[in-house]
2 protein chains.
Amino acid sequence: MNFPSKLIEDAVNEISRLPGIGKKTALRLALHLLKQKESVSESLSQAILKMRTEVKYCTICHNISDADICGICASNKRDRSIICVVEEIPDVLAIENTAQYNGLYHVLGGVISPMHGVGPDELKIASLMKRVEESSENSKVSEVILALPATMEGDTTAFYITRMLAAKGIKVSTIARGIPIGGELEFTDEVTLGRSILTRVNYSPE
Amino acid sequence: MNFPSKLIEDAVNEISRLPGIGKKTALRLALHLLKQKESVSESLSQAILKMRTEVKYCTICHNISDADICGICASNKRDRSIICVVEEIPDVLAIENTAQYNGLYHVLGGVISPMHGVGPDELKIASLMKRVEESSENSKVSEVILALPATMEGDTTAFYITRMLAAKGIKVSTIARGIPIGGELEFTDEVTLGRSILTRVNYSPE
C-alpha cells in the first residue's frame with residue numbers, strides 16, 4: 001500500500017501491530033482519528049501510555065490493580081476461604097460479570113505448555129501454594145476452584161496443582177463442563193456430549 | 001463490565017470510541033499492550049498523536065500530505081491534464097493501488113447530501129473550479145474524471161459538478177459502472193445488472 005504521508009504510514013504500521021487489526025482497518029482508524037478533534041487522539045494516546053506505564057499487578061492474586069493489593073483481595077466482603085484459579089486476567093472479569101462468585105482469585109499468567117516452553121516455574125503456582133500455606137486460622141483457605149481452559153494444557157495444569165494441594169488437605173474442585181445453557185445437543189461436539197453423559201448429575205428441579 | 005483498574009477502564013473507554021471496536025475488543029487490545037514491552041505502547045501513542053497534530057492537507061488537491069503540496073501534485077511524472085475527483089482520502093489510495101491512473105486528484109471531502117446538511121459550499125468544489133480555470137496554457141486541464149460513489153448523493157454531486165464544468169468546455173467522464181470482474185450475474189443486484197445492459201459497450205477482445 002502506498003501512503004500519501006509518512007505520518008499516516010507510521011501510525012498505520014503501529015496500529016496494525018495490534019492483534020486482529022490489519023493494514024486496511026488501521027488506515028480506517030487513522031483516517032477516523034484525523035476527522036475527529038485533536039483532543040480525541042490526545043486522550044486516546046495518553047490513556048494507552050498511562051495504562052501501560054502506571055498499571056500495577058496485585059501482589060497477592062496477580063490480577064491487574066491500581067494499588068499493590070487489588071480491590072478484590074482488599075475487600076472484606078469477599079469469602080476469603082475460597083480461591084478461584086484462572087489462566088489470565090480476562091477470566092477474572094468474565095467470572096466477576098456472572099455475579100455468581102464471591103471468593104478470591106489467583107491468576108496463573110498462563111498454563112503449563114511444554115510445547116511453548118512454559119513450565120510450572122513460569123507460572124504463579126508457587127505463590128498460590130504460599131497463599132494456601134500462609135492463610136491464617138481465622139481466614140483459612142478451605143477450597144481451591146480450578147477454572148482453567150478445557151484443553152490439554154489446562155488439564156495438565158489442573159492435574160499438577162491438584163497433586164500439590166492434595167497433600168495439604170485442601171478441597172479442590174473444577175468448574176462444570178458440559179452442554180452450554182441454550183446449547184443444542186445436535187450441534188455439540190462429541191467429546192463434550194460424551195463427557196456430559198459420563199459426568200451426569202442428579203436431576204433436581206427447583 | 002467491571003474493571004479491576006481505573007487505568008484499564010480509561011484505556012478501554014478511549015479505545016472503544018474507535019469505529020468498529022467494542023468494549024470487549026478494546027479490553028483484548030489493552031491486555032495485549034500490557035503483555036508487550038512498554039516501548040510498543042509508547043510508539044503506538046506517539047505515532048497516533050504525531051499523525052493527528054502534524055499531518056497536513058495538500059493545498060491543491062486536499063489529499064493528506066507531509067508538506068503543503070502533496071507528492072502527487074508536486075510530481076512532474078504525472079499527467080497534469082487530467083483530474084480525478086473523489087469523495088474521500090481512502091479513494092485516492094484505492095485508485096493509486098490499481099496503478100492504472102497517472103493524473104492528478106481532487107478530494108471533495110464528502111458528497112452533496114441535503115439530508116446530512118452537506119451542500120456544495122461544504123465541499124471543495126469551488127477550489128476544483130479554480131484549479132480548472134487557473135490551469136495555464138502548457139498544462140491545461142482537459143478532462144475531469146468523476147470517481148464518486150454510486151449512490152444518490154454521489155450522483156447528485158456528479159450532476160452538479162458536470163453542470164458547472166460543462167460551460168468551460170472541459171470533458172467530463174465518470175468511472176464505469178457494471179458487473180465487477182469475477183462477479184456472477186446471478187448474484188448481482190438487478191439495478192446494476194439492468195444498467196450494465198443499457199450501458200453495454202462494443203465487444204473488443206484484445
Side-chain angles (χ1 to χ4, degrees), chain A residues 1-15 17-21 24-25 27-38 40-58 63-67 70-72 88-90 92-93 96-97 99 105, chain B residues 1-15 17-21 24-25 27-38 40-58 63-67 70-72 88-90 92-93 96-97 99 105:
Chain A
M1 216 188 276
N2 285 320
F3 292 96
S5 151
K6 184 84 179 61
L7 294 165
I8 296 275
E9 190 173 352
D10 288 347
V12 167
N13 284 339
E14 287 298 331
I15 296 172
R17 286 169 72 180
L18 293 170
I21 297 189
K24 280 212 169 177
T25 308
L27 177 63
R28 197 166 52 84
L29 297 179
L31 292 170
H32 167 84
L33 285 174
L34 282 181
K35 276 199 167 182
Q36 306 295 307
K37 278 190 209 137
E38 223 169 275
V40 173
S41 299
E42 245 166 47
S43 49
L44 171 65
S45 50
Q46 270 166 17
I48 288 174
L49 201 59
K50 208 165 141 73
M51 171 194 76
R52 184 61 189 84
T53 50
E54 292 181 20
V55 87
K56 289 178 181 175
Y57 293 89
C58 175
N63 189 13
I64 286 172
S65 169
D66 285 335
C70 76
I72 295 172
E88 293 285 4
I89 289 150
V92 174
L93 290 174
E96 280 297 286
N97 283 333
Y105 291 95
Chain B
M1 217 187 276
N2 285 318
F3 292 95
S5 151
K6 184 83 179 59
L7 294 164
I8 297 274
E9 188 172 353
D10 288 348
V12 167
N13 284 340
E14 286 299 331
I15 297 172
R17 286 169 72 179
L18 293 169
I21 296 188
K24 280 212 169 179
T25 307
L27 178 63
R28 199 166 50 85
L29 297 179
L31 292 170
H32 167 84
L33 286 173
L34 281 180
K35 276 198 167 184
Q36 307 293 308
K37 279 190 209 135
E38 222 169 278
V40 173
S41 299
E42 245 166 48
S43 50
L44 171 65
S45 50
Q46 271 166 18
I48 288 174
L49 200 59
K50 209 165 140 76
M51 172 194 76
R52 184 61 190 83
T53 49
E54 291 181 19
V55 87
K56 289 179 180 173
Y57 292 90
C58 174
N63 189 13
I64 286 172
S65 169
D66 285 335
C70 77
I72 295 173
E88 292 286 3
I89 289 150
V92 175
L93 289 174
E96 280 296 285
N97 284 332
Y105 291 95

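Chain A is the first sequence line, chain B the second, and so forth, proteins listed ahead of strands; every chain is numbered from 1.
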A/Arg52 side chain to B/Leu33 backbone, donor-acceptor under 3.5 Å: yes

Chain B contacts, top residue of A/Leu34, A/Ile48, A/Thr53 (heavy-atom pairs, under 4.5 Å): A/Leu34

Closest-packed option against chain B by number of heavy-atom pairs under 4.5 Å, given A/Cys58, A/Ser43, A/Cys70, A/Gly20: A/Ser43

Distance in Å, B/Leu49 CG paired with A/Leu49 CG, rounded so as to fall on 0.5 Å steps: 10.0 Å

Contact leader toward chain B among A/Lys37, A/Gln46, A/Lys24, where contacts are heavy-atom pairs under 4.5 Å: A/Lys37

Segment of B/Ala30 engaging chain A (4.5 angstrom heavy-atom cut-off): both

Rounded distance (nearest 0.5 Å) linking atom CD1 of B/Ile64 with atom CG of A/Leu7: 9.5 Å

CG on A/Leu31 to CG on B/Leu93, rounded to 0.5 Å: 7.5 Å

Heavy-atom pair with the smallest gap, counting every atom of A/Val40 and B/Arg17: CG2-NH2, 3.8 Å

Residue B/Tyr105 versus chain A: region with a heavy atom under 4.5 Å: neither

Salt bridge A/Lys35-B/Glu88, side-chain N to carboxylate O under 4.0 Å: yes

Gap between atom CD1 of B/Ile21 and atom OG1 of A/Thr25 - 0.5 Å precision: 8.5 Å

Heavy-atom pair count under 4.5 Å with chain B, highest-scoring of A/Gly71, A/Ala47, A/Ser5: A/Ser5

Side chain / backbone / both / neither for B/Gln36 at chain A, heavy atoms under 4.5 Å: backbone

Region of B/Ile72 that comes under 4.5 Å of a non-hydrogen atom in chain A: neither

Heavy-atom pair count under 4.5 Å with chain A, highest-scoring of B/Ile89, B/Leu18, B/Val92: B/Leu18

Full working for side chain to side chain contact (heavy atoms under 4.5 Å, CB included) between A/Lys50 and B/Asp10: CA-CA 9 Å; A/Lys50 208 165 141 73; B/Asp10 288 348; 5.7 Å; no

Atom of A/Asp66, atom of B/Lys6 and distance for their closest heavy-atom approach: OD2-N, 2.7 Å

Minimum-distance pair of heavy atoms, taken over all atoms of B/Pro19 and A/Leu29: O-CD2, 3.6 Å

Which of A/His32, A/Lys56, A/Glu9 touches chain B most, by non-hydrogen pairs under 4.5 Å: A/His32

Which atoms of B/Leu27 approach chain A - backbone, side chain, both or neither, heavy atom under 4.5 Å: side chain

Contacting region of B/Ser65 [heavy-atom separation from chain A under 4.5 Å]: backbone

Atom of A/Glu14, atom of B/Leu44 and distance for their closest heavy-atom approach: OE1-N, 3.7 Å

